[in-house]
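A quick write-up on the structure given underneath.
Computation of the quantities below employed the complete heavy-atom set of this structure, encompassing side-chain atoms and omitting hydrogens, waters and symmetry-equivalent molecules. Each chain gets a letter, A, B and so on, in the order the sequences are listed, and its residues count up from 1. Keep in mind the model is a prediction, meaning the values are calculated, not measured.
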2 protein chains.
Amino acid sequence: MARKTGSRAEITGPLIRQAALRLFARHGYGAVSMRQIAAEVGVQAGALYLYTPDKQSLLYELMRDHMQELLAAWRDEPKGANAPDRLSAFARFHIRFHLERPEAVFLAYMELRALSSENFAGIEALRQQYEGELAEILRDGAAAGDFHLDDLRLTTMSIIAMLTGVNTWYREGGRLSREEVGQIYADMVRRIVEPA
Amino acid sequence: MARKTGSRAEITGPLIRQAALRLFARHGYGAVSMRQIAAEVGVQAGALYLYTPDKQSLLYELMRDHMQELLAAWRDEPKGANAPDRLSAFARFHIRFHLERPEAVFLAYMELRALSSENFAGIEALRQQYEGELAEILRDGAAAGDFHLDDLRLTTMSIIAMLTGVNTWYREGGRLSREEVGQIYADMVRRIVEPA
DNA sequence: GTCTATATGCTGATAGAC
DNA sequence: GTCTATCAGCATATAGAC
């Protein structure tokens with residue numbers, strides 16, 4: 001399998017995705033040109049089309065890969081036996097995973113409007129799958145009498161929003177470590193659903 | 001002061017802002033051209049420059065006006081005497097105000113990266129002023145023994161994020177009215193800070 | 001106050017040389 | 001696998017007619 005040629009094809013593809021992610025997240029999909037991406041990688045614009053059929057596919061694949069990695073990572077996460085433990089694990093997992101890849105998170109939340117309608121539907125389905133993971137924990141906990149929920153859907157959405165919001169203000173090297181933030185948020189989440 | 005000419009200058013300015021808001025929110029600042037805005041208003045592209053020095057100022061003024069209206073509206077809102085009542089009022093106000101102008105909210109949160117650094121600093125200052133209003137309520141409530149806070153800043157940010165998140169999923173004519181959503185969220189916010 | 005015309009430069013994508 | 005050259009079109013902003 002090993003090859004010895006001087007070709008850089010095997011690394012150029014990933015480099016293109018990396019550059020596109022960085023530039024799309026920083027300046028917005030509509031504001032980034034294929035030439036800018038090419039310049040960042042060190043190739044000419046035309047060479048990009050050996051790796052992607054067009055700009056839209058580049059965006060879609062970045063978002064799809066991000067969502068699939070998110071779902072896979074949660075699937076592999078140790079979760080605890082009961083609903084309160086699983087909720088705490090979810091909160092800490094969500095914050096950790098999202099703080100580890102701020103650019104992909106930003107892209108996935110901010111550039112949905114730039115997707116074609118077919119691509120949008122694909123990403124939306126993955127997003128709903130992830131929300132469903134949290135909703136399931138809440139439903140189970142309510143059924144077991146561990147949680148009090150005014151409204152399952154609103155509780156799900158508010159928890160996701162408050163957790164994802166960490167990405168807008170967290171700065172590395174600040175007052176609190178990621179783990180400390182995760183723990184404080186897990187506690188706040190717990191209080192939202194704690195029975196009176 | 002009244003004028004009788006056939007000129008439409010007095011309405012063209014607002015129409016331009018309205019069209020720009022709609023298009024920037026829908027497609028993204030970088031993806032919208034001055035020609036598109038002009039077409040939406042029914043004038044030629046060149047005519048826009050009678051009302052704004054450039055595209056960047058158009059964006060900045062939309063965001064600045066939005067933030068100033070937000071601060072002014074909260075200033076005029078009936079707030080209640082004690083911290084728990086003021087917190088509930090804040091939650092219901094925030095959701096109501098934001099659901100009333102989804103496009104301006106979307107713009108103000110999503111296009112910060114499109115601002116020049118001076119303009120960004122201006123918007124950022126207004127945003128921090130608004131966060132300060134919530135932080136003050138929480139601080140007062142903690143001092144009075146009405147609230148339990150693990151961390152003032154993290155609680156402030158998590159409440160803002162969960163409230164603003166309503167804009168991403170709420171649809172007019174859905175299962176719950178704006179007021180019902182506001183009440184349920186106010187209850188969830190209360191539980192986050194309720195002493196044990 | 002709005003128009004047309006224009007300057008100058010960039011856009012996504014393709015064709016064909018090497 | 002990457003390059004150069006190119007297509008047809010659109011970008012922001014300005015100048016000057018009316």
Side-chain angles (χ1 to χ4, degrees), chain A residues 1-24 26-63 107 111 113-119, chain B residues 1-24 26-62 111 113-119:
Chain A
M1 300 294 207
R3 299 203 313 157
K4 292 182 169 183
T5 90
S7 163
R8 308 199 156 180
E10 285 132 354
I11 67 163
T12 300
L15 282 180
I16 289 171
R17 285 170 163 70
Q18 211 175 304
L21 171 60
R22 210 179 72 81
L23 289 170
F24 288 163
R26 190 157 308 183
H27 306 292
Y29 174 78
V32 173
S33 71
M34 294 299 267
R35 277 172 181 78
Q36 280 176 273
I37 299 170
E40 187 97 351
V41 175
V43 297
Q44 293 299 312
L48 299 181
Y49 292 88
L50 296 167
Y51 300 92
T52 182
D54 51 31
K55 194 184 171 190
Q56 167 73 205
S57 302
L58 201 44
L59 174 66
Y60 172 63
E61 283 161 25
L62 287 170
M63 295 171 89
L107 200 68
E111 294 294 355
R113 65 189 169 187
L115 291 170
S116 71
S117 58
E118 299 89 346
N119 288 345
Chain B
M1 299 294 202
R3 299 204 311 160
K4 291 181 172 184
T5 89
S7 162
R8 307 197 156 184
E10 284 132 356
I11 66 165
T12 300
L15 283 179
I16 289 171
R17 284 170 164 71
Q18 210 175 306
L21 172 60
R22 212 179 71 81
L23 290 169
F24 287 163
R26 191 157 307 183
H27 306 294
Y29 175 78
V32 173
S33 71
M34 296 298 267
R35 273 173 181 74
Q36 279 176 272
I37 298 170
E40 187 97 351
V41 175
V43 298
Q44 294 299 311
L48 299 181
Y49 292 89
L50 295 168
Y51 300 92
T52 181
D54 51 30
K55 195 184 170 190
Q56 167 73 205
S57 302
L58 200 45
L59 174 66
Y60 173 62
E61 283 162 24
L62 287 170
E111 295 294 355
R113 65 188 170 188
L115 291 171
S116 70
S117 58
E118 298 89 347
N119 288 345

Nearest heavy-atom contact between B:His27 and B:Ala31 is O-CB, 3.2 Å
Heavy atoms of B:Val41 and B:Leu15 approach each other most closely as CG2-O, 3.7 Å
Heavy-atom nearest nucleotide on DNA chain C taken for B:Val43 and for A:Pro53; more 5' hit belongs to B:Val43
- Would you say A:Thr12 reaches D:dG1's phosphate, i.e. side-chain N/O to OP1/OP2 under 4.0 Å? no
field: Under 4.0 angstrom between A:Tyr49 side-chain N/O and C:dA15 OP1 or OP2
entry: no
Review point. Just wondering, do B:Leu58 and B:Leu48 contact through their side chains at under 4.5 Å, heavy atoms?
Key: no
Could you tell me if the side chain of A:Leu62 sits less than 4.5 Å from the side chain of A:Leu107, heavy atoms only?
yes
Could you state the [atom1]-[atom2] distance from [X] to [N], rounded to the nearest angstrom?
| X | N | atom1 | atom2 | answer |
| --- | --- | --- | --- | --- |
| B:Leu48 | C:dT4 | CG | C1' | 15 Å |
| A:Leu15 | D:dG1 | CG | P | 15 Å |
| B:Leu50 | D:dG16 | CG | P | 16 Å |
| B:Gln56 | D:dA13 | CD | C1' | 15 Å |
| A:Tyr29 | C:dT11 | OH | P | 13 Å |

Tell me whether B:Tyr29 contacts the main-chain N or O of A:Gly30 through its side chain, where contact means a donor paired with an acceptor under 3.5 Å. no
ask   = Would you call A:Glu111-B:Arg113 a salt bridge at under 4.0 Å N-O?
value = yes
Could you list the protein-to-nucleotides 4-11 of chain D atom pairs, N/O on both sides, closer than 3.5 Å?
from, atom 1, to, atom 2, distance (Å)
D:dA11, OP1, B:Ser33, OG, 2.7

